[in-house]
There are 2 protein chains.
Amino acid sequence: MVDVARRAGVSHQTVSRALNSPEAVLPDTRRRVERAMREMGYRRNSHARALKTSRTGMIGVVSQGNTDFGPTRMTLAIEKAARERGYATALSIIHDARPDTVESTLEFFLSHGIDGIVVITPVPALAEAAKQLAAKTPVVIVTSGLWPADNLSVAGIDQELGARRATEHLIRLGHRSIAHISGPMDWFDAKGRVVGWRQALAVADLKAPPMVQARGWNAENGYTAAAELIAGRNLPDAVFAANDFIALGLIRALEERGIRVPEDISVVGFDDVEASGYFSPPLTTVRQPFEDAGLAALELLLDDSEHLTSVPNFIAPQLIARGSTAPS
Amino acid sequence: MVDVARRAGVSHQTVSRALNSPEAVLPDTRRRVERAMREMGYRRNSHARALKTSRTGMIGVVSQGNTDFGPTRMTLAIEKAARERGYATALSIIHDARPDTVESTLEFFLSHGIDGIVVITPVPALAEAAKQLAAKTPVVIVTSGLWPADNLSVAGIDQELGARRATEHLIRLGHRSIAHISGPMDWFDAKGRVVGWRQALAVADLKAPPMVQARGWNAENGYTAAAELIAGRNLPDAVFAANDFIALGLIRALEERGIRVPEDISVVGFDDVEASGYFSPPLTTVRQPFEDAGLAALELLLDDSEHLTSVPNFIAPQLIARGSTAPS
DNA sequence: GACTTGAGTACGAATATAACC
DNA sequence: AGGTTATATTCGTACTCAAGT
């Protein structure tokens, strides 16, 4: 900056002003400064700037589970929203939920000096750590099933509503015995979808068949869980699977036993993963508005005024009806 | 740091030394300092540190196409490798390939002061910009089909080899007419897979049927391309699809016309996307070692000595044989 | 003399205050 | 006086060099 100043024949102070409040400097001087900057390929040193202003223009995103669909998509959505608002995104993905790993990751971010952290936390472990964190830096938790606390905002996608919509769709088609294969119950999302499923059934005065739990979110887990479902005495008319991959595993298991989808059983998934429209049959599912949720999270993080909101900002997912569901 | 020093009854200099070269300070003094740091919840200011050392412990990852399988997985792999080596990862995803967008993104990183950049570049546009960048900061390009240049290392996955393995698998099964549905040909990966397919056919003395191009990497594109393939006079014995989703769209298109997979036509995909083992039929495909490639990229970036390598570090993918291929 | 500690300064930008026209 | 520019100091850490044991 000093060099630029010398070249432009002004003081470094003038250069600084030309950058930070251009209107406070004579147009003529400003142009000289700008030209000098261009000629020298000057680039502001963000560390010196951060040192003085203690703002970095960088937010941290902490996520968990590197390949799961939801967290991944949410991460990308937040990155996009952040960049549109001029913020860079630092990413850290936690592979195990051990408290010390979690803490060291959060410390890592904190020590890298960021303006705020978005924690994508599908399971309680991370959420707890995030609460601790909120004392030291602005934090937004992206999840379902949690409520805002002090210094802590919450955004996410309304899992219960999504599950209700899936189940209601099956009810509208005339199904009466609607089973659910849940995801791993330590996930907030899995719990929310169970609740939504039960709600919809209750409203329609239907009994909930015994629930089957998948041990993970993959097709393999769905396949295994399906065996358990089928072993039960009465086959349901329809199944709401906790996500698309579980639905896929289920469909495969049914197919192997000669049970046709949707003729014998209707199946609904959740997520609308890529290509789910080309499964056979094309999968009816619930699409999650990740980008909207990411945007909401970012706004909570950046707008201090909003930080006081005491109601979580949960966004509504959308039902995508396709070929895996049919009237009973 | 001054506060810590005061509390520990030493100078700020001693505190600094206790942090940076602990062995150069008396164990007794060090313990006093450490205790003071703990008591005060001291945390090193990374900006001041970066200002002085001009190293941030942060690398940038620039990628393109937010939902495509390859780039996404590669990004996550690099983040993992980086964190294992104590580096944080800043992420920036480019949604369009307009030169000014690209340049401003790279500038953005540069001005945030990072120790190096990994550019995941499936298409040439980004690669060009990355070359410019290499003059200013260490850069590693992750791609296929490019060669290292000055200050520019290249790592990636050997697409040609993967395609050869897929095609050879079909040849071994006795197929003679092996078609290919390529990905969008502006992608290096798409080109590499075409080359590998041709190579394998040439070695086996087989003629390559006319190639069909998909206009994107999605199932929909595969479905559309399949129509074109089927419209040709002679149906091939087997098809090597440029990725799993294209394969899925193809299978669906075949199925709709009563052509069975694998009885009538064998199909191989590429990527081994989640759940591809539960497609119907389970998809034979080529798995890409993203984590290995990410690690390789990071090592190239961080080990200056290696920066001189003139041969790209391409890692071998692996064939996963499943039910969508059968002997002819 | 080898080892440990302390004082002072530089990194690069921002800002309060003073000086200029 | 009113609008611009310049001077001097600050942020927190690392490092050179000198002083102390």
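Numbered from 1 within each chain, the chains take letters A, B, ... in sequence-line order. The structure displayed is predicted, hence computed values, not measured ones.
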Once you apply a heavy-atom cut-off of 4.0 Å, does [X] come out as touching a base, just sugar-phosphate, or nothing?
X     : value
B:T14 : sugar-phosphate
A:V25 : sugar-phosphate
A:V10 : sugar-phosphate
B:H47 : nothing
B:S16 : base
A:V2  : nothing

Looking at the side chain of [X], which of [options] is the nearest nucleotide?
X     : options                : value
B:A48 : D:dA6, C:dG8, D:dG12   : D:dG12
A:M1  : D:dT16, C:dA13, C:dG12 : C:dA13
B:L51 : C:dG12, D:dT13, C:dA7  : C:dG12

Is a side-chain donor-acceptor pair under 3.5 Å present for B:E103 with B:Q132?
no

Check the side chains of B:S92 and A:R83 for a donor-acceptor pair under 3.5 angstrom, ignoring hydrogens and angles.
yes

Side chain [X], main chain [Y], donor-acceptor under 3.5 Å:
X     : Y     : answer
B:T53 : B:R55 : yes
A:T75 : A:P71 : yes
A:T14 : A:V10 : no

For [X] and [N], what is the distance between atoms [atom1] and [atom2] respectively, to the nearest whole Å?
X     : N      : atom1 : atom2 : result
B:R17 : D:dC15 : CZ    : P     : 11 Å
B:L19 : D:dT13 : CG    : P     : 8 Å
A:K52 : C:dC11 : NZ    : P     : 17 Å
A:Q13 : C:dC20 : CD    : C1'   : 14 Å

Kindly give the heavy-atom pair with the smallest separation between A:G9 and A:R32, and that separation in Å.
O-NH2, 4.1 Å

Is the closest basic N to carboxylate O distance between B:E34 and B:R38 below 4.0 Å?
no

Does the pair B:E291/B:R73 count as a salt bridge with the N-to-O cut at 4.0 Å?
no

Looking only at side-chain N and O atoms, does A:R49 come under 4.0 Å of OP1 or OP2 in C:dG12?
no

Close side-chain approach of B:M1 and B:L19, heavy atoms under 4.5 Å
yes

Taking the six-membered ring where the residue is Trp, are the ring centres of B:F108 and A:Y87 under 6.0 Å apart?
no

Quick one: on DNA chain D, does A:E23 or B:H12 contact a more 5' nucleotide (nearest heavy atom)?
A:E23

Which of residues 26-46 of chain B have a heavy atom under 4.0 Å from DNA chain D?
B:Y42, B:R43, B:R44, B:N45

For the helix from C:dA2-D:dT21 to C:dC21-D:dG2, measure the angle between the helix axis at one end and the axis at the other, each built from five pairs, rounding to 10°.
50°

